[in-house]
Amino acid sequence: IFQAPMSNVYRLDHHLWLVTTGLAGDSRALANHLRSNSRQHRLDYGERMSVNECATTGADLHHKLTYTEGTRPMGCAALVLGLDNNNELRIFRIDSGGGLKDSWFAAMGNGSEKAMSSLNKEYDKMKQSVESTVAGMIKISGKESKEHCIWVLRPILQTRGEVKMSCFQNTRTNKSARMISKQLEE
């Protein structure tokens, strides 16, 4: 489950997604770079690019721009997420300097440090049920957010590498958590 406005979510391949925060132009450039690398990998090797390889490619680009003369660092942070060959969901965080971190959950943008701290504290409680997870996300993100939506990704196991995405907007109450939970458990 993650939060992002629709314009910051990019599909890179059937099994890869990019979620960004920061400068829109840099986000689009990163998405295009990763999308073309994913396509090229499929052509060269006859198989899909792993989530780890895609995230590493993005982190390498971010890092390269920090030391290349005549360029500036990218003004965006990113999450690369997708399904690996065993249909396990993987999430990688890329910071603007090129740092890469594999995680079970992530927060980006304004207030991300506070949100990550709260997520770390609440993680064991939240993984008990879908409803408690959604309620935890609402509690952590607070009510001050203007563009508040929770995205849920679920692998479709019958179709190789496909993911069903749902976006729930204006989720601010426990009533929202119950409604989302009912829809996801169907």
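Because the structure is a prediction, the values reported are computed rather than measured. Heavy atoms only: backbone and side chains are in, while hydrogens, waters and symmetry mates are out.
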Checklist entry - Do Leu81 and Val51 touch side chain to side chain, with heavy atoms closer than 4.5 Å? => result no
Checklist outcome for this item: In terms of heavy-atom contacts, Ser27 and Leu18 come closest through O-CD2, 4.4 Å
Donor-acceptor list for residues 65-78 side chains, cut-off 3.5 Å, not counting sequence neighbours:
{"residue": "Thr66", "atom": "OG1", "partner": "His63", "partner atom": "O", "Å": "2.5"}
{"residue": "Thr68", "atom": "OG1", "partner": "Lys64", "partner atom": "O", "Å": "2.6"}
{"residue": "Thr71", "atom": "OG1", "partner": "Leu65", "partner atom": "O", "Å": "3.2"}
{"residue": "Thr71", "atom": "OG1", "partner": "Thr68", "partner atom": "O", "Å": "2.8"}
{"residue": "Arg72", "atom": "NH1", "partner": "Asp26", "partner atom": "OD2", "Å": "2.8"}
{"residue": "Arg72", "atom": "NH2", "partner": "Asp26", "partner atom": "OD1", "Å": "2.9"}
{"residue": "Arg72", "atom": "NH2", "partner": "Asp26", "partner atom": "OD2", "Å": "3.3"}

Checklist entry - When rounded to the nearest 0.5 angstrom, what is the spacing between CZ in Arg11 and OG in Ser38? => result 11.0 Å
Checklist entry - Leu12 and Ala31: which non-hydrogen atoms are nearest, and at how many Å? => result CD2-O, 3.6 Å
Checklist entry - Ignoring hydrogens and geometry, is there a side-chain-to-backbone donor-acceptor pair from Arg48 to Asp84 under 3.5 Å? => result yes
Checklist entry - If you measure from CZ on Arg90 to CG on Leu16, what distance do you get to the nearest 0.5 Å? => result 11.5 Å
Next on the checklist: Check whether Arg42 reaches the backbone of Met49 with its side chain - one donor and one acceptor, N or O, closer than 3.5 Å.
Outcome noted: no
Item to check | Separation between CH2 of Trp17 and CG of Leu34, rounded to the nearest 0.5 Å | outcome: 14.5 Å
Checklist entry - Do you know the tightest heavy-atom contact between Leu100 and Ala59? => result CB-CB, 4.1 Å
Checklist entry - Taking all atoms of both residues into account, what is the closest heavy-atom pair of Leu30 and Gly58, and its distance? => result CD1-CA, 4.1 Å
Next on the checklist: For Val19, is there any backbone N or O sitting under 3.5 Å from a side-chain donor or acceptor partner on Asn8?
Outcome noted: no
Checklist entry - Tell me the ring pair (Phe, Tyr, Trp, His ring centres under 6.0 Å) pairs involving residues 21-43, sequence neighbours left out? => result His41-Tyr45
Checklist entry - Side chains of Asn37 and Thr57: donor-acceptor distance under 3.5 Å anywhere? => result no
Checklist entry - Considering only heavy atoms from C-beta outward, does the side chain of Asp95 approach that of Lys101 to under 4.5 Å? => result no
